[in-house]
Amino acid sequence: MSRTNWHRVCTTRDLILDAGICVLVEDQQIAIFNIELGTTENKLYAIDNFDPISKAAVLSRGIVGSIQNRVVVASPLYKQHFDLETGQCLEQSDVKLLTWPIRLNEDTVEIALDSQ
């Protein structure tokens with residue numbers, strides 16, 4: 001049986017609006033994005049930092065934007081776009097990143113990983 005383990009990874013002071021940071025959780029590099037959705041609303045996303053196309057851990061350094069109402073990050077190397085909600089690559093349907101649940105607990109950012 002698996003259970004969800006929430007890991008404290010940073011505080012809100014560590015986040016950069018409309019940009020990514022990288023955290024290490026159980027040997028996994030995870031890119032966290034703090035995206036402004038409106039004048040008073042932000043949303044956090046957590047995706048794999050490893051770009052499977054360039055084979056480099058660089059996605060936290062990508063440029064964020066939107067394509068067809070999808071919030072995306074563009075890989076800084078080959079410029080493929082990854083949906084921050086689903087991890088799906090928009091240019092290559094067979095490529096998808098891992099994503100993780102993410103939440104705020106007061107001013108602490110937490111990421112959920114499942115354990116056996």
Side-chain angles (χ1 to χ4, degrees):
M1 185 165 125
S2 68
R3 62 186 173 91
T4 300
N5 289 326
W6 287 95
H7 297 266
R8 295 178 184 176
V9 295
C10 65
T11 68
T12 55
R13 292 181 304 280
D14 299 314
L15 300 175
I16 302 167
L17 188 60
D18 293 331
I21 65 168
C22 184
V23 298
L24 187 63
V25 182
E26 293 186 1
D27 297 325
Q28 177 72 46
Q29 286 189 34
I30 299 174
I32 297 174
F33 294 89
N34 180 24
I35 305 300
E36 183 177 28
L37 298 178
T39 56
T40 60
E41 183 184 6
N42 291 8
K43 183 165 182 183
L44 297 177
Y45 298 91
I47 63 170
D48 196 348
N49 192 47
F50 183 76
D51 177 352
I53 296 164
S54 68
K55 308 290 189 228
V58 295
L59 291 177
S60 65
R61 296 175 181 219
I63 296 173
V64 297
S66 64
I67 297 176
Q68 298 176 349
N69 295 322
R70 298 167 86 172
V71 180
V72 299
V73 61
S75 173
L77 297 178
Y78 294 126
K79 310 304 183 225
Q80 282 85 0
H81 298 90
F82 295 92
D83 185 314
L84 290 178
E85 189 76 41
T86 66
Q88 182 63 53
C89 178
L90 302 188
E91 290 80 14
Q92 293 182 240
S93 62
D94 61 329
V95 176
K96 188 173 181 179
L97 303 173
L98 295 174
T99 62
W100 289 270
I102 187 167
R103 70 182 183 190
L104 280 178
N105 185 357
E106 297 183 9
D107 72 335
T108 301
V109 178
E110 298 177 334
I111 293 177
L113 299 179
D114 287 335
S115 292
Q116 299 285 337

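Since we're looking at a predicted model, the values are computed, not measured.
Hydrophobic clustering (side-chain heavy atoms under 4.5 Å, transitive across Ile, Leu, Val, Met, Phe, Trp, Tyr) groups Val64 together with Ile53. Two different hydrophobic clusters hold Leu98 and Trp6 under the rule that ILVMFWY side chains link at heavy-atom gaps under 4.5 Å. Linking ILVMFWY side-chain heavy atoms closer than 4.5 Å, directly or via other members, places Leu97 and Ile21 in two distinct hydrophobic clusters.
Leu113 places a side-chain heavy atom less than 4.5 Å from the side chain of Glu26. Annotation: side chain of Ile47 is in contact with side chain of Val73 (closest heavy-atom distance under 4.5 Å). Side chains of Tyr45 and Ile35 form a contact here, defined as non-hydrogen atoms less than 4.5 Å apart. The shortest distance between side-chain heavy atoms of Val9 and Ile30 does not fall below 4.5 Å.
In the displayed structure, Arg8 atom CZ is contacted under 6.0 Å by at most 12 heavy atoms of other residues, nucleotides or ligands.
We find the CG-CD1 distance between Leu44 and Ile102 to be 4.5 Å, quoted to the nearest 0.5 Å. The structure places CG of Leu59 at 9.5 Å from SG of Cys22, a figure rounded to the nearest 0.5 Å.
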Going through the distances and angles, do Asp48 and Trp100 end up as a side chain to side chain contact (heavy atoms under 4.5 Å, CB included)? CA-CA 8 Å; Asp48 196 348; Trp100 289 270; 4.2 Å; yes

Evaluate Leu104 against Val109 for side chain to side chain contact (heavy atoms under 4.5 Å, CB included), listing each step before the verdict. CA-CA 5 Å; Leu104 280 178; Val109 178; 3.7 Å; yes

Show me the donor-acceptor pairs within less than 3.5 Å that the side chains of residues 76-86 make with the rest of the protein, sequence neighbours left out.
| from | atom 1 | to | atom 2 | distance (Å) |
| --- | --- | --- | --- | --- |
| Lys79 | NZ | Pro76 | O | 2.7 |
| His81 | ND1 | Glu91 | OE2 | 2.7 |
| Asp83 | OD1 | Glu85 | N | 2.7 |
| Asp83 | OD1 | Thr86 | N | 3.2 |
| Asp83 | OD2 | Arg70 | NE | 2.7 |
| Asp83 | OD2 | Arg70 | NH2 | 3.3 |
| Glu85 | OE1 | Lys43 | NZ | 2.9 |
| Thr86 | OG1 | Gln88 | N | 3.2 |

Residues 12-20 side chain polar contacts: donor-acceptor under 3.5 Å, at least two apart:
| from | atom 1 | to | atom 2 | distance (Å) |
| --- | --- | --- | --- | --- |
| Arg13 | NH1 | Asp107 | OD2 | 3.1 |
| Asp14 | OD2 | Thr11 | N | 2.9 |
| Asp14 | OD2 | Thr11 | OG1 | 3.3 |
| Asp18 | OD1 | Glu36 | N | 2.9 |

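In plain terms, the two heavy atoms of Asn105 and Glu110 that are nearest each other are ND2-OE2, 3.3 Å. Among all heavy-atom pairs drawn from Gly87 and Thr99, the shortest one is N-CG2, 3.6 Å. The shortest non-hydrogen separation linking Pro52 to Phe50 is CD-O, 3.2 Å.
Clustering of Ile, Leu, Val, Met, Phe, Trp and Tyr side chains at separations under 4.5 Å places Val72 together with Ile67, Leu90.
With sequence neighbours excluded, no residue satisfies salt bridge (Lys or Arg N to Asp or Glu O under 4.0 Å) with Asp27. Qualifying side chain to side chain donor-acceptor pair (under 3.5 Å) partners for Ser75, counting only residues two or more places apart in sequence or in other chains: Asp51.
For residues 55-66, the pairs satisfying side chain to side chain donor-acceptor pair (under 3.5 Å) are Asn49-Ser60, with sequence neighbours left out.
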